[in-house]
Amino acid sequence: MKTSDFDPISITIFNRQLRNATIVVLAVFGVLILRLWFLQIVNGGMYRTKSEHNRIRLQDVPPFRGMIFDRNGEMLVDNRPSYDLYVIPEGIQDREELIKSLDRLLGLDPKVTEQDLAKASHKLPFTPICLKKDMSRDALAVIETHRFNLPGIMVEVKPQRFYVYKSLASHILGHLGEIGENQLKNGGYPNNKSGDLIGKSGVERKWQSFLNGMRGGEQVEVDAAGRKIRVISKKPAVSGKNVYLTIDKGLQTLAEEALVDKTGAIVAVDPDNGEVLALASSPSFDPNLFVMGIDKATWREISTSGGYPLQNRALTGQCPPGSVFKIIVALAGLEEGVVNPEEEVFCNGVYTLGKHKFRCWKKWGHGNVKLHRALVESCDVYFYTMGKRLGVNKIARYAKMFGLGNRTGFDAGKERGGLIPTSKWKLKRFGVPWQAGETISTSIGQSFVLVTPVQMATLISAVFNGGILYRPKVTKWVGDSQDQRICEFSPEVMGKVEVKQEYLELVKKALIGVVNEPHGTGWRTKLKDITVAGKTGTAQVVKLKKEKELDDAGGVPWKYRDHAWFVAVAPAERPRIALAVVIEHGGHGGSAASPIAKEIIKAYLGVAE
């Protein structure tokens, strides 16, 4: 059949259909080519990145934080492995099913999981999101068993801080907390990123830069289920440096056990260099609670507790020193020449100033007393007399000379300076002049006088080491993993008291008498083979008026009871340990605080009763 045999109209229709078909085919190919161009040229980078993330993951390798040891090399703070559950939002195939599976397998709250995923899915689709920290080994086994059915899920092993003895030395060691946005912005933490835990108090905070270490990273190839196939490249993390403290773990344990069910503090130091042998504050807390992120209920319980367990009473607990302050008045009186050691002052139990009567703790009085006996038996009337002669400003000068009223500069914790009043201070603070009766109270460590336990340990040390004020330190040295010392801390002298050695010797003999003479107020601390010296103190909290504020049993309620103080050194001839003990609302220093000091001295010096 020839073309001429076709009808012209049929030919026209055929040509039109062929042309339309050609246009359609060309249009389809055009769309395909345009789509390919769009995918490969315009969005090629994005899909290449997606492809690489499906196959290769960059994993952060956090460093092991440096460990902390006591003076004898016994570990106090370590690291342990934490198995953390993460999910990569982009790898999730069925979100609802994954949430249900995690609830069924691990008991993860579906609402919380949904919120975590919702926050990250749009902004950080390839960034691992932590769903659960520190899984148990049983939970880890469950996840590994069902890993193939949990696309997007991954497990990372990270070092977690571990305080070996829980609350032991917690106020020295401190605790960790998540780094804040402002801390990241100010540039003070170059080796940290969001989500990292950093030191928030104590040694952990003071030596953060040493303890932290340097983070590393891994480029890891994974399969479709997110399981690691091989490590493509790796930059190892560098562990933090180790910190060695001056404290003795055994002595620290004994000090904290002595404070169980009590509110107070104990500070024990080496009087020849200021090294802190033990520093206990009660009540205490377990720093492990903060490692995983403390829950609201626990935080509320700790922060609102009447005992304030986070407060380091050894550094910030301010209260009147009571009769321990008589050491200052005695030395001031001798140096200023207002008292002769052989001068007798008559004590009948009352000191009268104008219309006011100031009583001695011994109601019937001590009779005629000289300086030595006045310190041994803690005669208030004697020191009322000396205080009146000195005046508050001279008393203040000697108190500050011995480090009272100022922060000691302790190297691992925030301090409060206490208060040593002067006439100028009162006028500025209250707008009224100083009264003579306030000097009387000040002379026995009452009135406005406030001190801290660490200051009192420094005071008694200076009396027995020849008048040298050493800055109390808790850090001995910092070293690497091979125990090579990077930096070492030498004793630091804060000052030297301007008191003649002969006067220091007079007071030292009296403080030996406090413990070893028949009527000494610190007789409970006496040891058979070691000469202990010390001074008791009972600091009045409030002045009760007759029967007012008595409890149901007719006694003084706990919150109104006196604070009990005792400071001591041993052996008195050449002290190896000096300490301050304060029991808040404990009553009398001789009965509540001195027996505790005795046990600590016995343990440290290794002596029997």
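Just so we're clear, the structure is a prediction, and the values are computed from it rather than from any experiment. Residues: numbered from 1 along the sequence shown.
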**Prompt:** Can you tell which of Glu517, Lys509, Glu342 makes a side-chain hydrogen bond (donor to acceptor under 3.5 Å, both in side chains) with His372?
**Reply:** Glu517
**Request:** Would you kindly check if the NZ (Lys) or CZ (Arg) of Lys200 is within the cone defined by 45 degrees around the ring axis of Phe290 and under 6.0 Å from the six-membered ring centre?
**Result:** no
**Item:** Which atom of Met386 lies closest to which atom of Val329, heavy atoms considered
**Value:** CB-CG1, 4.0 Å
**Euclidean distance, Leu371 CG relative to Cys379 SG, rounded to 0.5 Å** = 11.0 Å
**Electrostatic pair Arg397:Glu336 at N-O distance under 4.0 angstrom** = yes
**Request:** For Tyr398 and Glu498, indicate whether the former's side chain and the latter's backbone hold a donor-acceptor pair under 3.5 Å.
**Result:** no
**Message:** Does His366 have more than 12 heavy atoms from other residues, nucleotides or ligands lying within 6.0 Å of its NE2?
**Reply:** yes
**Message:** With a sphere of 6.0 Å drawn around CD of Glu301, does it hold more than 12 non-hydrogen atoms of other residues, nucleotides or ligands?
**Reply:** no
**Asked** Does any N or O in the side chain of Ser282 come within less than 3.5 Å of the main-chain N or O of Leu259, such that one atom is a donor and the other an acceptor?
**Response** yes
**Asked** Are any side-chain N or O atoms of Thr385 and backbone N or O atoms of Val381, one a donor and one an acceptor, separated by less than 3.5 Å?
**Response** yes
**Request:** Using modelled atom types only, decide if a donor and an acceptor are shared between the side chain of Glu204 and the backbone of Leu173 within a distance under 3.5 Å.
**Result:** no
**Item:** Ring geometry between Phe489 and Trp207 (parallel below 30°, tilted from 30 to 60°, perpendicular above 60°)
**Value:** tilted
**Chi angles and distances behind the side chain to side chain donor-acceptor pair (under 3.5 Å) call for Thr538, Asp562** = CA-CA 6 Å; Thr538 302; Asp562 298 336; 5.9 Å; no
**Asked** Quick one: are Asp270 and Tyr470 in side-chain contact, heavy atoms under 4.5 Å?
**Response** no
**Prompt:** Phe285 versus His171: any side-chain heavy-atom pair under 4.5 Å?
**Reply:** yes
**Message:** If you define the side chain from C-beta out and look only at heavy atoms, does anything of Asn192 sit under 4.5 Å from Gln208?
**Reply:** yes
**Fill in**
Given the options Arg576, Lys473, Lys476, Glu275 meets salt bridge (Lys or Arg N to Asp or Glu O under 4.0 Å) only with Lys476
**Residues Ser323, Ser378; criterion side chain to side chain donor-acceptor pair (under 3.5 Å); working and verdict** = CA-CA 7 Å; Ser323 293; Ser378 201; 3.2 Å; yes
**Prompt:** Quick check: does any side chain N or O of Trp565 sit under 3.5 Å from a backbone N or O of Ala580, one acting as donor and the other as acceptor?
**Reply:** no
**Item:** Ser281 (side chain) donor-acceptor with Arg313 (main chain) under 3.5 angstrom
**Value:** yes
**Fill in**
Here the pair of heavy atoms bringing Phe566 nearest to Gly589 is CB-O, 4.4 Å
**Message:** What I'd like to find out is whether the side chain of Ile172 reaches to under 4.5 Å of the side chain of Leu76, using heavy atoms alone.
**Reply:** no
**Item:** Intermediate values then yes/no, side chain to side chain contact (heavy atoms under 4.5 Å, CB included), Tyr604 and Leu254
**Value:** CA-CA 10 Å; Tyr604 187 69; Leu254 181 62; over 6 Å; no
**Asked** Tell me, do Lys388 and Leu353 make a side-chain contact under 4.5 Å, heavy atoms counted?
**Response** yes
**Request:** Check Val267 against Ala314 and note the closest heavy-atom contact, atom names and distance.
**Result:** CG2-CB, 3.6 Å
**Message:** What I'd like to find out is whether the side chain of Val291 reaches to under 4.5 Å of the side chain of Tyr163, using heavy atoms alone.
**Reply:** yes
**Message:** As an exercise, state the distance from CD of Glu256 to CG of Leu251, rounded to the nearest 0.5 Å.
**Reply:** 10.5 Å
**Request:** Keeping the roles fixed (side chain from Ser441, backbone from Glu438), state whether a donor-acceptor pair exists under 3.5 Å.
**Result:** no
**Item:** Nearest non-hydrogen partners of Ala280 and Ala255, listed with the distance
**Value:** CB-CB, 4.0 Å
**Request:** Hey, could you give me the CZ/CD1 distance between Phe358 and Ile444, rounded to the nearest 0.5 Å?
**Result:** 9.0 Å
**Message:** Can a donor-acceptor pair be found, under 3.5 Å and without considering hydrogens, that links the side chain of Lys496 to the backbone of Gly466?
**Reply:** yes
**Prompt:** Would you say Arg71 has more than 12 foreign heavy atoms packed within less than 6.0 Å of its CZ?
**Reply:** yes
**Item:** N-O pairing of Glu415 and Arg471 below 4.0 Å
**Value:** no
**Asked** Stepwise, does the side chain to side chain contact (heavy atoms under 4.5 Å, CB included) test hold for Leu279 with Leu315?
**Response** CA-CA 9 Å; Leu279 188 150; Leu315 304 182; 4.2 Å; yes
**Within-4.5 Å side-chain heavy-atom neighbours: Ile420 and Val449** = yes
**Request:** Check for a donor-acceptor pair, side chain of Asp248 on one end and backbone N or O of Leu277 on the other, with a separation under 3.5 Å.
**Result:** no
**Asked** Got a salt bridge between Lys362 and Asp380, using NZ or NE/NH1/NH2 to carboxylate O under 4.0 Å?
**Response** no
**Request:** Can you measure from OG1 (Thr525) to CD (Glu599) and round to the nearest 0.5 angstrom?
**Result:** 10.0 Å
**Message:** Any side-chain to backbone donor/acceptor pair from Lys370 onto Pro341? Under 3.5 Å, distance only.
**Reply:** no
**Beyond-backbone contact of Trp425 with Phe430, side-chain heavy atoms, under 4.5 angstrom** = yes
**Asked** Are Tyr351 and His356 an aromatic pair by the rule of ring centers under 6.0 Å?
**Response** no
**Fill in**
What one should report as the nearest heavy-atom pair of Ala572 and Phe464 is O-CD2, 3.8 Å
**Request:** Return yes if a side-chain donor-acceptor contact under 3.5 Å exists between Thr521 and Thr536, otherwise no.
**Result:** yes
**Message:** Please check if the number of heavy atoms outside Arg416 that lie under 6.0 Å from its CZ is greater than 12.
**Reply:** no
**Request:** Measure the spacing between CG of Asn288 and CG of Leu176 and express it to the nearest 0.5 Å.
**Result:** 9.5 Å
**Prompt:** In Å, rounded to the nearest 0.5 Å, how long is the span from CD of Gln455 to CZ of Phe402?
**Reply:** 13.5 Å
